[in-house]
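Below is one structure; the comments refer to it alone.
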Amino acid sequence: MRVLVSGGAGYIGSHTVLSLVASGHDVVVVDDFSNSKPTVMGRVESLSGTHVPVHAIDLTDAEKTERLFAHERFDAVVHFAGLKAVGESVAKPLAYYRNNLDSTLSLLEAMRRHDVPRLVFSSSATVYGEKAPVPYREDYDFLSSSSPYGQTKVMIERIMADAAAATDGLKVALLRYFNPVGAHPSGQIGEDPQGIPNNLMPFLAQVAVGKRDKLVVFGDDYPTADGTCERDYLHVEDLAAGHVAALQHLDAMAEPVRAFNLGTGTGTSVLQMLHAFERAVGRELPYEVGPRRAGDLAAFWADPTRAQTELGWRAEKTIDDMCADTWRWQSANPQGFPGA
Ligand code: UFG
């Protein structure tokens with residue numbers, strides 16, 4: 001298939017581009033590089049051994065999006081592009097709703113005008129909200145999220161479901177990611193957050209490489225085995241493979257839209273993650289316990305049964321693989337991707 005990957009220069013997008021190319025698909029990337037560096041694409045091309053055309057377009061610009069679809073033919077879209085920082089979304093909700101919703105609407109309108117029949121969407125476990133029973137299952141109906149970022153995922157899932165119901169032939173897979181970590185085993189591409197990392201794994205990696213003094217563990221008084229929060233971490237390579245599996249499943253799907261959890265089904269605590277990272281680095285890392293972070297849930301993980309039975313997908317890499325690959329990327333690229 002000829003696949004348009006929006007946000008293809010981002011962390012999960014770039015790994016998915018590699019998996020798509022390795023599976024024989026032709027890939028075209030659209031990215032506005034607002035949270036990624038153009039140099040990512042050179043690394044992706046050398047790892048894949050393929051030229052990957054890139055359009056530097058902001059998808060909130062509906063006219064430019066339309067022009068892209070008028071000039072190129074796509075069999076499918078994998079939609080990653082969007083703002084994704086939970087804390088920033090609380091401070092700037094309108095920017096999050098404007099950006100994430102407008103870009104999705106431009107894409108859906110262009111897809112409809114040009115009869116593109118397949119869509120895979122980058123959703124999140126955050127759509128299950130605070131009240132869903134753990135492990136999270138896709139048939140839980142009361143989706144809501146405590147952050148504006150998460151709420152854009154809930155809204156976009158709904159918009160896509162309505163569009164699929166109204167458009168003959170359109171098939172949509174909503175992929176609800178748990179906590180993606182790790183990097184390509186080559187160490188050539190990985191997560192490259194701008195500024196102070198919000199997430200545990202890139203923060204740990206920057207402590208290990210000496211860019212940050214110490215990890216602050218956000219609370220150790222949760223009702224979990226060691227008192228720190230538990231999450232379902234999965235390797236970004238497994239996650240990328242999940243997108244390929246979902247894309248290739250769409251035509252066989254009975255319903256126009258279907259959600260799939262992409263997770264391992266196992267929770268790992270913050271302290272367990274810290275110690276796994278210490279094993280990868282080969283030394284102890286400095287940390288202290290601080291107060292809880294607002295909005296954090298104690299523990300959640302996926303029920304990944306649906307993705308296993310319907311997509312034939314399962315996460316295969318271990319926590320130690322995730323840490324070893326993150327460390328290979330971070331130690332080889334202490335400043336992330338080069339700037340120009
Ligand atoms: N944590 C620390 N110290 C840090 C960073 C994180 O102790 O410096 C802890 C957090 O409190 C949490 C765990 O590490 O318990 C994981 O935190 P992350 O920020 O890495 O991940 P979250 O589970 O909070 O966030 C993820 C995604 C979001 C999504 C959210 C809810 O990054 O996109 O899950 O599903 F919205």
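Whatever order the structure lists ligands and atoms in, that order sets their numbers, starting from 1.
- Here the side chains of Leu297 and Glu130 are in contact, with some heavy-atom distance below 4.5 Å.
- A donor-acceptor contact under 3.5 angstrom links the side chains of Asn261 and Tyr128, judged on distance only.
- Of all protein heavy atoms, the one closest to atom 23 (O) of ligand 1 is Arg231 NE, 2.7 Å.
- Comparing Phe218, Tyr233, Tyr136, Phe300 by heavy-atom distance to atom 13 (C) of ligand 1, the nearest is Tyr233.
- Only side-chain heavy atoms of Asp296 come within less than 4.0 Å of ligand 1; its backbone N, CA, C and O stay farther off.
- The atoms of ligand 1 that sit less than 4.0 Å from any heavy atom of Asn198 are 5 (C), 19 (O).
- Of the residues listed (Leu108, Leu107, Leu4, Thr104), the one engaging Leu119 in a side chain to side chain contact (heavy atoms under 4.5 Å, CB included) is Leu108, and it is the only one.
- At under 3.5 Å, a nitrogen or oxygen of Leu200, whether backbone or side chain, sits near a nitrogen or oxygen of ligand 1.
- The distance from ligand 1 to the heavy atoms of Cys229 drops below 4.0 Å at these ligand atoms: 15 (O).
- Nearest non-hydrogen protein atom to atom 24 (O) of ligand 1 is Arg293 NH2, 2.9 Å.
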Under 3.5 Å, which donor-acceptor pairs do the side chains of residues 243-255 form with other protein atoms, sequence neighbours left out?
| from | atom 1 | to | atom 2 | distance (Å) |
| --- | --- | --- | --- | --- |
| His243 | ND1 | Leu239 | O | 2.8 |
| His243 | NE2 | Tyr177 | OH | 2.6 |
| Gln248 | OE1 | His25 | NE2 | 2.8 |
| His249 | ND1 | Glu310 | O | 3.3 |
| Asp251 | OD1 | Arg118 | NE | 2.9 |
| Asp251 | OD2 | Arg118 | NE | 3.3 |
| Asp251 | OD2 | Arg118 | NH2 | 3.2 |

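- Ligand 1 is never approached by Tyr128 to a heavy-atom distance shorter than 4.0 Å.
- Residue Tyr149 has at least one heavy-atom neighbour below 4.0 Å for each of these atoms of ligand 1: 33 (O), 36 (F).
- Set against the non-hydrogen atoms of Thr126, the atoms of ligand 1 under 4.0 Å away are 31 (C), 35 (O), 36 (F).
- Below 4.0 Å from some heavy atom of Val217 lie the following atoms of ligand 1, by number and element: 7 (O).
- Between Trp329 and Phe337, the ring centre distance stays below 6.0 Å.
- With sequence neighbours excluded, the residues forming a salt bridge (charged side-chain N to carboxylate O under 4.0 Å, His left out) with Asp102 are Arg98, listed by chain and number.
- Which parts of ligand 1 touch Val86 is read off a 4.0 Å heavy-atom cut-off, strictly below it: atoms 36 (F).
- Counting heavy atoms from C-beta on, the side chains of Gln206 and Pro197 come closer than 4.5 Å.
- Counting atoms of ligand 1 from 1 in the listed order, those under 4.0 Å from a heavy atom of Val270 are 7 (O), 9 (C), 13 (C), 14 (O), 15 (O).
- Geometrically, Arg292 engages Tyr222 in a cation-pi contact, judged by NZ or CZ lying under 6.0 Å from the ring centre and within 45° of the ring axis.
- Using a 4.0 Å cut-off between heavy atoms, Tyr287 makes no contact with ligand 1 at all.
- Distance check: Asp61 CG to Arg67 CZ gives 7.0 Å after rounding to the nearest 0.5 Å.
- For atom 29 (C) of ligand 1, the closest non-hydrogen atom of the protein is Ser124 OG, 3.9 Å.
- Considering backbone and side-chain N/O of Asn179, one or more are found under 3.5 Å from N/O of ligand 1.
- Among all protein heavy atoms, the one lying closest to atom 32 (O) of ligand 1 is Asn199 ND2, 3.0 Å.
- Checked by distance only, ligand 1 and Val216 come closer than 3.5 Å through their nitrogen or oxygen atoms.
- To the nearest 0.5 Å, atoms CG (Leu204) and CG (Leu200) are separated by 4.5 Å.
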Arg113 and Glu66: CA distance, side-chain angles, deciding distance, salt bridge (charged side-chain N to carboxylate O under 4.0 Å, His left out) verdict: CA-CA 9 Å; Arg113 276 193 293 265; Glu66 165 58 25; 2.7 Å; yes

